[in-house]
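Okay, structure first, notes after.
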Amino acid sequence: GDGWSECDGDCDDDDAALHPDRAEQCNGIDDDCDGVVDDGCVVCSVNVPQDHALIGDAIGAAVSGDVICVEPGTYFENLDYDGKDVHVLGIDGQDSTIIDGSGLSSVVYFHSQESTGAILEGFSLLHGYAAEGGGIHLRDASPTLRQLTIAENEAWAGGGVFTADALLSMTGVTITSNTAVEGGGLWATDSELELVSTAVLANVATDGPAGIRVVGGAVAMLDASISDNTTSLESGGASFEDVSSVTLDSVTVTGNSGIAPAVYVLDTAIAMTGCLLSSNQGGGLWVGQFDFDAHYSVSVQGTTISDNS
């Protein structure tokens with residue numbers, strides 16, 4: 001067989017290139033085994049390693065609008081989108097397509113006003129090391145991140161992801177097992193974040209919030225989780241300070257460990273709907289303000305806060 005079974009949704013046990021994690025290409029074949037040919041398919045402009053051995057070389061040769069399709073494997077690289085709105089796609093999915101930063105710098109950079117057309121999809125990003133954003137460093141850009149695992153990276157701020165003065169859309173992203181001084185999973189400053197079906201899991205901070213730290217900007221999270229993150233100081237889960245608005249819809253916050261509540265909210269308007277805050281060390285939810293001349297709305301509906309200590 002090809003490593004996939006019919007129970008996993010496989011449609012051709014003799015062809016390893018056809019399985020549910022495969023990106024659907026415009027080739028007249030049901031690549032992702034969903035029973036529909038070429039639905040939502042992509043046309044590959046450049047192929048790695050067939051056209052270029054390295055992903056970075058493919059980005060260098062590409063122009064905005066290109067789709068760079070990357071075959072499964074481990075690529076020891078540190079990528080810079082360099083202002084290009086290209087779609088870099090691991091066609092076999094994040095479990096089998098790895099970009100390893102080798103501890104040299106951030107694994108991926110977006111810092112040249114890339115737009116939402118700059119897409120990174122279907123990779124695991126491992127072993128980055130930087131002052132800001134071991135996995136992804138994002139500044140003055142608005143990329144789209146989909147179906148990624150960002151793991152085992154290290155930074156001073158934002159072990160997994162660092163973003164500043166940016167607009168970030170993430171869907172189906174797992175940020176796990178990263179380490180930083182502050183913001184073990186994600187650090188954001190003056191940025192607008194849209195996090196959908198995103199998991200921030202088992203990250204560590206040595207001197208600040210462990211899962212997520214956000215200062216300024218705005219945040220919307222839907223069907224997400226912040227769990228099992230650890231710090232010896234501040235919140236183990238998520239810290240929001242001076243944020244114009246935080247919207248948490250169906251977000252699970254469990255098993256985080258710190259000395260401050262798992263959701264820490266300061267000088268920030270927050271709306272929580274259908275959330276679960278449970279089994280966190282340091283408490284569940286704290287909302288407060290230092291700026292007593294301002295008014296911050298707080299709405300908590302259909303939310304369970306229990307068994308925190």
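Separating the CG atom in Leu125 from the CG atom in Leu120 is a distance of 5.5 Å, to the nearest 0.5 Å. Here the straight-line distance linking atom OG1 of Thr247 with atom CG of Asp249 works out to 8.5 Å at 0.5 Å rounding. Taken to the nearest 0.5 Å, the OG1 atom of Thr189 stands 10.5 Å off from the CD atom of Glu241. To the nearest 0.5 Å, the span separating OG on Ser64 from NZ on Lys84 amounts to 7.5 Å. One finds the CG atom of Asp140 at 10.0 Å from the NE2 atom of His111 (value rounded to the nearest 0.5 Å). Separating the CG atom in Asn153 from the OH atom in Tyr129 is a distance of 12.5 Å, to the nearest 0.5 Å.
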Inset, instruction - Could you walk me through whether Glu24 and Val42 pass the side-chain contact (heavy atoms from CB on, under 4.5 Å) test, one step at a time? - result: CA-CA 6 Å; Glu24 187 76 4; Val42 296; over 6 Å; no
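Closest approach of Ala188 and Leu193 over heavy atoms only: CB-CD1, 3.7 Å. In plain terms, the two heavy atoms of Tyr81 and Ile119 that are nearest each other are OH-O, 2.8 Å. Of all heavy-atom pairs spanning Gln147 and Val173, the tightest one is N-CG2, 4.3 Å.
Side chains of His87 and Arg146 form a contact here, defined as non-hydrogen atoms less than 4.5 Å apart. Looking at heavy atoms from C-beta onward, Ser102 lies out of side-chain contact with His127 at the 4.5 angstrom threshold. Residues Thr174 and Ile150 form no side-chain contact, since every pair of their non-hydrogen atoms from C-beta on lies 4.5 Å or further apart. Residues Thr163 and Trp187 have side chains not in contact (no heavy-atom distance under 4.5 Å, counting atoms from C-beta outward). Side-chain contact between Leu126 and Ile99 is absent, with no heavy-atom pair separated by less than 4.5 Å. With a 4.5 Å cut-off on side-chain heavy atoms, Val200 and Leu186 do not count as touching. Under the 4.5 Å side-chain criterion, counting only non-hydrogen atoms from C-beta, Asn229 is not in contact with Thr231. Contact check for Thr171 versus Glu194: no side-chain heavy atoms found under the 4.5 Å cut-off.
Checking Thr144 against Thr116 by side-chain atom types alone, no donor-acceptor pair falls below 3.5 Å. Using modelled atom types and a 3.5 Å distance limit, the side chains of Ser115 and Asp85 yield a donor-acceptor pair. In the model, His52 has no side-chain atom that pairs as donor or acceptor with a side-chain atom of Asn47 under 3.5 Å. A donor and an acceptor atom, one from each side chain of Thr179 and Glu154, are nowhere located under 3.5 Å apart. Ser105 and Asn78 form a side-chain donor-acceptor contact under 3.5 Å, judged by distance and modelled atom types alone.
The side chain to side chain contact (heavy atoms under 4.5 Å, CB included) with Tyr296 is formed by just one residue from the set Ile270, Asp291, Val287, Val265; it is Asp291.
Checking side-chain atoms of Asn178 against main-chain N and O of Asn203 turns up no donor-acceptor pair under 3.5 Å.
Around atom CZ of Phe292, more than 12 heavy atoms belonging to other residues, nucleotides or ligands sit under 6.0 Å away.
The aromatic rings of His137 and Phe162 lie parallel to each other, their planes meeting at an angle below 30°, with 60° marking the opposite boundary.
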